[in-house]
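Heads up, the thing below is written out as structure tokens.
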Amino acid sequence: MSNAKSLSFIHRFEPGTDAGQPPLLLLHGTGGDETDLLSLGRSLAPRAALLSPRGKVSENGMPRFFRRLAEGVFDEADLRFRAGELADFVEEARDAYGLPAPIALGFSNGANIAAAMLMLRPKVLAGAVLLRAMVPLATPPAVDLAGKPVLLLSGMADPIVPEANARRLAGQLREAGADVEHAVLPAGHGLGQADLTRIEAWLQRQRLAAAA
Ligand code: MLT
């Protein structure tokens, strides 16, 4: 049974059992939905609240978080609009469920909108795990991400995200002051055990830092 209230995005909400842990905002990839990352989120953060919206854009029936013109070529006007819309939803959900700012955990298209939200609405996220993300905006806006923790995991053999593009994103985030950990794993676009091990360790460090 879903605990989700009626808000501006179709979503799933699972309450946490430790209010001291930052909630995870789960953002699926192209063709996914609000159920996709729930079990991953629960295994990575057993006691955190999980908030998982469904992207509002449909590409031939596949949900996404923003429009693209081709693979890896984004409709930036739509991306900017959708990043704002998703940020508004996060604020709405924080009020409705009584949550602190979440850490985004996004895969592929979900990671790309999380990166755009960091750049356009930085206060909405406490941090982000960006899985197979690429540079979302051709001209990144000037933004202050001082101390914002970001884990970026890329695949060495990713056919969608060239390594240089992922490195450029890491550079943009660092330049804005974010505390970026970037690893290029021996992987493609899909996730593997090496991703999970890295995410678990990184989330554990965020919990320890929050408790200190
Ligand atoms: C995107 O459109 O966000 C990227 O090309 C990744 C994808 O969803 O395939």
Side-chain angles (χ1 to χ4, degrees), residues 9-11 24-38 40-41 51-87 89-90 102-122 124-125 127-141 143 150-173 178 180 182-192 194-196 198-199:
F9 274 65
I10 294 170
H11 68 285
L24 290 186
L25 173 69
L26 302 171
L27 301 170
H28 62 77
T30 301
D33 69 18
E34 68 280 14
T35 64
D36 266 28
L37 297 177
L38 284 175
L40 176 67
L51 178 64
S52 187
R54 183 194 302 176
K56 285 191 181 188
V57 168
S58 170
E59 183 182 278
N60 303 320
M62 295 186 297
R64 286 176 51 83
F65 285 98
F66 58 90
R67 267 170 40 85
R68 64 180 163 182
L69 307 174
E71 193 169 271
V73 184
F74 302 152
D75 176 339
E76 287 201 23
D78 188 63
L79 172 52
R80 285 170 185 272
F81 170 74
R82 299 286 174 189
E85 187 183 49
L86 184 59
F89 162 74
V90 173
I103 291 179
L105 186 147
F107 169 63
S108 191
N109 181 245
N112 294 338
I113 197 151
M117 278 169 70
L118 278 173
M119 290 173 178
L120 297 166
R121 293 280 291 272
V124 167
L125 299 177
V129 177
L130 306 175
L131 304 169
R132 310 298 186 265
M134 58 195 293
V135 170
L137 299 163
T139 312
V143 61
V150 177
L151 174 64
L152 172 59
L153 296 179
S154 310
M156 222 169 257
D158 188 331
I160 297 175
V161 185
E163 192 179 319
N165 186 299
R167 290 198 187 283
R168 193 145 57 87
L169 173 59
Q172 289 177 354
L173 294 169
V180 179
H182 182 204
V184 182
L185 304 174
H189 198 65
L191 304 180
D195 291 277
L196 306 188
R198 293 256 182 178
I199 302 167

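Index from 1, following the sequence. Start at 1 and go down the list; that is how both ligands and their atoms are numbered.
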**Request:** Just say parallel, tilted or perpendicular for the rings of F74 and F66, cut-offs at 30° and 60°.
**Result:** perpendicular
**Request:** Check the side chains of R64 and T30 for a donor-acceptor pair under 3.5 angstrom, ignoring hydrogens and angles.
**Result:** yes
**Prompt:** Going by the order shown, which atoms of ligand 1 are within less than 4.0 Å of some heavy atom of S108?
**Reply:** 6 (C), 7 (C), 8 (O), 9 (O)
**Prompt:** Looking only at non-hydrogen atoms, which of R132, R68, E71 approaches atom 9 (O) of ligand 1 most closely?
**Reply:** R68
**Message:** Treating D78 as the side-chain partner and R67 as the backbone partner, does any N or O pair qualify as donor plus acceptor under 3.5 Å?
**Reply:** yes
**Which of the ligand 1 atoms, numbered from 1, are nearer than 4.0 Å to a heavy atom of G72** = 5 (O)
**Item:** P136 backbone acceptor or donor facing N112 side chain under 3.5 Å
**Value:** no
**Message:** Under 3.5 Å between any N/O of H189 and any N/O of ligand 1: does that happen in this structure?
**Reply:** no
**Request:** Please round to the nearest 0.5 Å and tell me the distance separating atom CG of L86 and atom CE of M117.
**Result:** 4.5 Å
**Prompt:** Does G29 come within less than 4.0 Å of ligand 1, judged by its heavy atoms?
**Reply:** no
**Prompt:** With a cut-off of 4.0 Å, which atoms of ligand 1 are near a heavy atom of F74?
**Reply:** 1 (C), 2 (O), 3 (O), 4 (C)
**Request:** Please state whether R64 comes within less than 4.0 angstrom of ligand 1, counting heavy atoms only.
**Result:** yes
**Message:** Checking the side chain of R132 only, and the main-chain atoms of L153 only, is there a donor and an acceptor separated by less than 3.5 Å?
**Reply:** yes
**Donor-acceptor contact below 3.5 Å, side chain H28 vs main chain R54** = no
**Request:** Report yes or no: does F65 have a heavy atom closer than 4.0 Å to ligand 1?
**Result:** no
**Prompt:** What part of N112, side chain, backbone, both or neither, has a heavy atom within less than 4.0 angstrom of ligand 1?
**Reply:** side chain
**Prompt:** Can you find a pair of side-chain heavy atoms, one from H182 and one from L169, that are under 4.5 Å apart?
**Reply:** no
**Per-atom contacts, ligand 1 versus T30 - under 4.0 Å to a heavy atom** = 7 (C), 8 (O), 9 (O)
**Request:** Mark up the atoms of ligand 1 that fall under 4.0 Å of a heavy atom belonging to F66, in ascending order.
**Result:** 3 (O)
